[in-house]
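Notes for the one structure printed next.
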Amino acid sequence: MGVPEYTHHESPQSELAQPFEGKVVDMKSAFNPFPEAVVIDPVLVGRRRSQVGTFDNDSLESFYKPIESFEGAHRYDPNFQWDKKEEARVVRKCDIRICTWVCLMFFALQLDRGNIVQALSDGMLDDLGLTSNDYNYGQTIFYLCFLCAEMPSQLISKKLGPDNWIPIQMVSWSIVASLQAFLSGRSSFYACRALLGLIEGGFIPDVILYLSYFYKSNELPRRLSFFWVSYQSTNIVSAFLAYGILHMRGINGMPGWAWLFALEGTLTGIIGVISYFYLPPSPYQTASKFRGKDGWFNEREEKIIANRVLRDDPSKGDMHNRQGLTLSAFRTCITDYHMWPIYLIGLSWLIPTVPMQGYITLNMTEVGFGTFETNLLTVPAFVLFIIGLLFWTWLSEKLNERFLLACASQIWVLPGLIALISLGTDRSPWANYALSIVTYGMPYFHAVFVAITSRNAGSVRTRTVASALYNMCVQAGNIIGINIYRADDSPYYYRGNKVLIAIACYNLVLLVATKFFYVSVNKKRETKWNAMSKEEKEHYLGTTTDRGNKRLDFRFAH
């Protein structure tokens with residue numbers, strides 16, 4: 001399963017991060033001003049690091065100094081020390097100032113891209129003269145445009161800075177989302193789906209890149225789990241909002257779903273405008289009229305952030321936060337075959353639940369539930385999802401295991417899918433409801449996979465592209481998944497559920513194969529690295545042209 005994660009300069013006894021000098025330093029030494037600070041044997045730490053996707057190197061000062069243009073270069077100090085209580089306070093401040101607001105922004109994203117599920121329960125398709133196949137095509141257009149926008153959005157974000165680009169995205173999509181209130185038929189439905197996909201695409205990897213400025217790699221999964229908790233919390237909140245807003249049907253001659261799009265789109269626009277003034281460019285550039293002339297962090301806190309992040313992942317100092325990618329760097333990232341297994345997982349692992357997520361309200365109305373009870377009955381699915389997300393993300397980091405543990409997601413959905421194709425057409429609506437809820441609540445490892453994509457990239461350049469590519473694969477999987485349930489197979493979708501069972505079995509094989517792939521690569525590198533003398537290692541580190549995850553001292557997380 002792996003050992004607990006202690007990356008670079010951490011020990012079980014302390015959260016202190018400081019450079020190694022090849023020997024154990026007594027915590028009571030006069031050279032250590034903090035009584036809780038501990039430096040441990042670098043050989044032990046290197047051995048632990050090799051399991052979790054960090055650089056197996058104890059010469060940070062010599063080989064991993066950030067570039068001069070890096071926004072936190074003035075806070076970099078290889079001899080800087082701090083204690084674990086100070087670091088905990090800084091992380092907590094980042095959680096309050098940054099992570100909480102990022103969750104609010106994701107709430108806004110999901111509110112505008114997910115409220116179509118509530119709109120379906122109000123008879124939107126009938127009002128517009130659309131069929132369920134038309135809905136499938138509209139969602140396919142949305143996901144296809146979302147997919148196509150991922151990479152351009154990420155490159156723009158890297159050039160302009162996420163703090164500038166994300167609010168522009170939010171305000172833009174809120175306008176389109178609100179205008180959905182004036183949908184009149186198939187053409188306008190398709191057009192709005194396309195525009196929303198183009199504008200919203202890239203938001204998720206943009207935010208992940210932004211969070212990486214503030215957090216270490218082993219802290220990111222938990223923060224991303226909060227990210228997707230806000231995503232599902234949005235579904236719960238929007239279900240109750242929909243219950244009230246859909247009762248407005250008939251006011252000013254507008255259907256309830258039109259009011260839903262108009263009001264919720266306006267809300268996300270307001271959040272987007274505030275975000276433009278709220279988000280700082282980096283932890284070292286927080287002073288402004290809106291955030292305060294002194295900023296959020298004092299000098300010591302900024303030094304803690306800079307040095308803890310760089311010692312965890314020195315590659316984060318290779319670029320500054322307004323630096324775009326060259327064509328050559330982009331091509332290198334695309335052809336990084338060590339990342340391809342993660343992209344394949346992104347393409348298929350969510351497919352077994354995609355139809356259920358897109359059709360949960362439509363399925364329930366088709367088997368006899370009314371508009372308002374349908375929206376309220378979806379809440380248990382979202383609650384189950386949230387509980388599972390937090391538990392499985394926590395367990396993954398606790399056991400230091402990703403791909404094998406993720407097999408639980410596919411094993412989870414198989415009994416429910418098998419039951420859905422085994423029950424006859426005389427099944428109770430409540431039986432269909434219960435199976436739908438359980439299937440929807442599949443263990444959600446998206447936060448784990450997103451974090452491991454960032455961690456295994458090994459450099460800011462690759463991370464920028466890899467996050468977008470992984471999310472593009474997820475969107476491609478959504479395109480496949482949303483078209484598995486077809487109108488001629490409704491309302492029980494026997495054929496579609498058989499296809500989902502086959503895909504779940506394929507995913508189990510893929511997850512196990514990916515685990516063994518990364519274990520094999522790490523083992524080969526470890527053998528070569530350990531066979532080198534200290535002088536040979538120093539020569540390699542000083543002369544190698546290998547970059548990021550291609551270096552001999554890099555170990556993939558798995």
Side-chain angles (χ1 to χ4, degrees), residues 1 136 139-140 143 147 228 337 339-360 363 381 384-385 388-389 391-393 395-396 399 401-424 427 431-432 434-450 452-453 469-486 488-520 558:
M1 285 297 218
N136 285 348
Q139 289 300 84
T140 299
Y143 288 125
L147 183 156
W228 274 281
Y337 64 89
M339 301 299 296
W340 291 354
I342 299 178
Y343 304 152
L344 283 176
I345 290 172
L347 179 65
S348 62
W349 85 275
L350 275 171
I351 289 179
T353 61
V354 168
M356 197 62 66
Q357 292 173 355
Y359 271 75
I360 187 168
N363 286 349
L384 180 62
F385 182 101
L389 167 64
F391 171 75
W392 291 103
T393 303
L395 187 63
S396 174
L399 300 178
E401 181 58 63
R402 286 93 188 168
F403 298 113
L404 292 184
L405 191 62
C407 290
S409 63
Q410 309 305 307
I411 295 172
W412 177 286
V413 299
L414 282 172
L417 292 173
I418 292 172
L420 285 171
I421 65 173
S422 300
L423 295 176
R427 72 183 70 173
N432 213 63
L435 290 172
S436 298
I437 295 299
V438 172
T439 304
Y440 189 100
M442 177 186 78
Y444 196 69
F445 281 84
H446 195 43
V448 174
F449 291 146
V450 168
I452 205 172
T453 301
L469 283 175
Y470 170 78
N471 215 45
M472 288 172 68
C473 290
V474 171
Q475 301 312 319
N478 284 331
I479 293 173
I480 296 170
I482 201 66
N483 285 287
I484 290 177
Y485 281 2
R486 307 298 295 174
D488 63 346
D489 195 27
S490 67
Y492 298 108
Y493 304 102
Y494 288 114
R495 182 182 67 239
N497 287 323
K498 291 177 182 178
V499 173
L500 297 178
I501 290 173
I503 293 175
C505 293
Y506 159 78
N507 287 337
L508 286 172
V509 175
L510 179 60
L511 287 165
V512 173
T514 300
K515 167 72 175 184
F516 283 102
F517 171 74
Y518 285 125
V519 169
S520 176
H558 50 76

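Worth saying up front: this structure is predicted, and the values here are computed from it rather than measured.
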Closest contact, heavy atoms only, [X] versus [Y]:
X      : Y      : answer
Leu389 : Tyr444 : CD1-O, 3.5 Å
Thr393 : Ala447 : OG1-CB, 4.3 Å
Trp392 : Leu405 : CZ3-CD1, 3.9 Å
Ser396 : Val448 : OG-CG1, 3.7 Å
Tyr337 : Pro341 : O-CD, 3.5 Å
Pro352 : Leu500 : O-CD1, 3.6 Å

| request: Could you check Arg486 against Asn136 for side-chain contact (heavy atoms from CB on, under 4.5 Å), going step by step and ending with a plain yes or no? | output: CA-CA 8 Å; Arg486 307 298 295 174; Asn136 285 348; 3.6 Å; yes
Rounded distance [0.5 Å steps], [atom1] in [X] versus [atom2] in [Y]:
X      : Y      : atom1 : atom2 : result
Tyr143 : Asn483 : OH    : CG    : 10.5 Å
Ser348 : Ile480 : OG    : CD1   : 8.0 Å
Phe445 : Cys407 : CZ    : SG    : 8.5 Å
Ile503 : Thr353 : CD1   : OG1   : 11.0 Å
Met442 : Leu384 : CE    : CG    : 11.5 Å
Leu395 : Glu401 : CG    : CD    : 9.5 Å

| Any side-chain donor near an acceptor of the partner, Tyr485 and Asn497, under 3.5 Å |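 Judged by distance alone, the side chains do pair up.
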| query | Hey, are Asn478 and Gln475 close enough side-chain-wise for a donor-acceptor pair under 3.5 Å? | reply |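 Yes, because at least one side-chain N or O of Gln475 sits under 3.5 Å from a partner of the opposite role on Asn478.
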Less than 4.5 Å apart, any side-chain heavy atom of [X] and any of [Y]?
X      : Y      : result
Leu404 : Leu511 : no
His446 : Asn471 : yes
Val474 : Leu350 : yes

Does the [X] side chain pair with the main chain of [Y], one donor and one acceptor, at a distance under 3.5 Å?
X      : Y      : value
Trp349 : Ala504 : no
Thr439 : Val413 : no
Asn507 : Ile345 : no
Ser520 : Phe516 : no

| request: Verify side-chain contact (heavy atoms from CB on, under 4.5 Å) between Phe403 and Ile342, making sure each step is shown before the conclusion. | output: CA-CA 10 Å; Phe403 298 113; Ile342 299 178; 4.3 Å; yes
| said: Is the distance between the ring centroids of Tyr470 and Tyr343 under 6.0 Å? | reply: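 No: the rings miss the under 6.0 Å criterion.
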| message | Using side-chain contact (heavy atoms from CB on, under 4.5 Å), reason through Met339 and Leu344 one step at a time and then give a plain yes or no. | response | CA-CA 9 Å; Met339 301 299 296; Leu344 283 176; over 6 Å; no
